[in-house]
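Below is one structure; the comments refer to it alone.
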Amino acid sequence: MREVAQLGGEDDHVAELLDRLTHELRSCVDRADYCGIAIAFAGFTFTGASSDPTIAPINEEQFALGDGPCLHAARTGRVVVADCTGTDERWPDFGASAQALGVQSMLCAPIHADGASVGSLTLFSRTRELLEGREGHALELVANAVGDALKRNRHRRSLEETVAGLRDAATAHPSNRPRES
């Protein structure tokens with residue numbers, strides 16, 4: 001969780017927001033058994049938040065392979081529907097962990113902030129009924145909101161850091177002591 005907070009500007013509220021989001025989204029989509037956020041940014045990959053630690057092996061398998069539905073969505077910028085009951089030619093080495101955990105389908109939407117891909121938001125289901133249609137559109141909207149929240153947090157943090165730097169510079173000169181407002 002700490003890594004997501006650092007991604008958003010070292011603000012623990014971002015990590016808390018993402019964690020709550022995964023729980024709420026999972027409960028809002030009938031066919032979803034789990035929800036997670038995979039972060040793939042600046043050469044790092046990790047699970048940023050999840051509704052349940054059960055999905056950890058699925059994400060770890062993708063991160064170790066450097067390939068899989070979550071990473072594919074992040075790289076392509078498109079919603080990805082994955083049938084985990086067999087081998088998918090898009091990522092032929094991925095799937096053993098999902099099958100072992102009984103996850104039959106995944107629906108992944110990319111997360112972008114400031115035009116850069118930062119990961120994906122994924123619904124995991126023990127059925128093959130996660131469909132790209134309505135659920136995919138809703139997931140994409142939520143993923144866009146996550147990206148916007150990360151972007152706003154980063155910009156807010158940059159402004160705070162700028163103001164703090166100006167304050168520090170001003171206090172270095174006795175004639176320019178800032179006043180509290």
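What's counted below: heavy atoms across the whole structure, side chains too, no hydrogens, waters or symmetry copies.
Inter-residue side-chain proximity for D93 and D67 is flagged as unmet; no heavy-atom pair is nearer than 4.5 Å. Looking only at side-chain heavy atoms (C-beta outward), V81 and S105 stay at 4.5 Å or farther from each other. Taking 4.5 Å as the limit, every side-chain heavy atom of Q104 sits out of range of all side-chain heavy atoms of C84. Here the side chains of V103 and I58 are in contact, with some heavy-atom distance below 4.5 Å. With contacts defined as side-chain heavy-atom distances shorter than 4.5 Å, the pair V118/H112 does not qualify.
A chain of hydrophobic side-chain contacts below 4.5 Å, direct or via other Ile, Leu, Val, Met, Phe, Trp or Tyr residues, connects F44 to V146. L71 and I55 fall into different hydrophobic clusters, where Ile, Leu, Val, Met, Phe, Trp and Tyr residues are linked whenever their side-chain heavy atoms come under 4.5 Å apart, directly or through other members. Cluster annotation: F124 and L65 are assigned to the same hydrophobic cluster (Ile/Leu/Val/Met/Phe/Trp/Tyr, side-chain heavy-atom contacts under 4.5 Å, transitive). Cluster membership check: W91 does not share its hydrophobic cluster with F63, using side-chain heavy-atom separations under 4.5 Å among Ile, Leu, Val, Met, Phe, Trp and Tyr.
In this structure, CG on L123 lies 10.0 Å from CE on M106, to the nearest 0.5 angstrom. Annotation: the span from E24 atom CD to C28 atom SG amounts to 6.0 Å, rounded to 0.5 Å.
T47 and N59 share a side-chain donor-acceptor pair at under 3.5 Å.
Under the side chain to side chain donor-acceptor pair (under 3.5 Å) criterion, E61 pairs with S97, not counting sequence neighbours. R90 pairs by the salt bridge (charged side-chain N to carboxylate O under 4.0 Å, His left out) definition with D88, not counting sequence neighbours. Listed by chain and number, the residues in a side chain to side chain donor-acceptor pair (under 3.5 Å) with R126 are Y34 (sequence neighbours excluded).
When all heavy atoms are compared, the tightest approach of G36 to T22 is CA-CG2, 4.2 Å. What you find for P53 and P57 is that their closest heavy atoms are O-CD, 4.1 Å. The shortest non-hydrogen separation linking A73 to P110 is O-CB, 3.3 Å.
Remark: side-chain polar atoms of S117 are paired, donor with acceptor, to backbone N or O of A74 under 3.5 angstrom. Put simply, the side chain of Q62 gets close to the backbone of C70: a donor and an acceptor are under 3.5 Å apart. A donor-acceptor contact shorter than 3.5 Å is absent between the side chain of S120 and the backbone of T122.
Of the candidates L121, D19, L25, I37 forms a side-chain contact (heavy atoms from CB on, under 4.5 Å) with just one, namely L121.
Residue R78 places its CZ atom among 12 or fewer non-hydrogen atoms of other residues, nucleotides or ligands, all under 6.0 Å distant.
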Full working for side-chain contact (heavy atoms from CB on, under 4.5 Å) between T85 and Q99
CA-CA 6 Å; T85 60; Q99 291 168 8; 5.8 Å; no

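With respect to the salt-bridge test (charged N to carboxylate O, under 4.0 angstrom), the residues R26 and D33 do not qualify.
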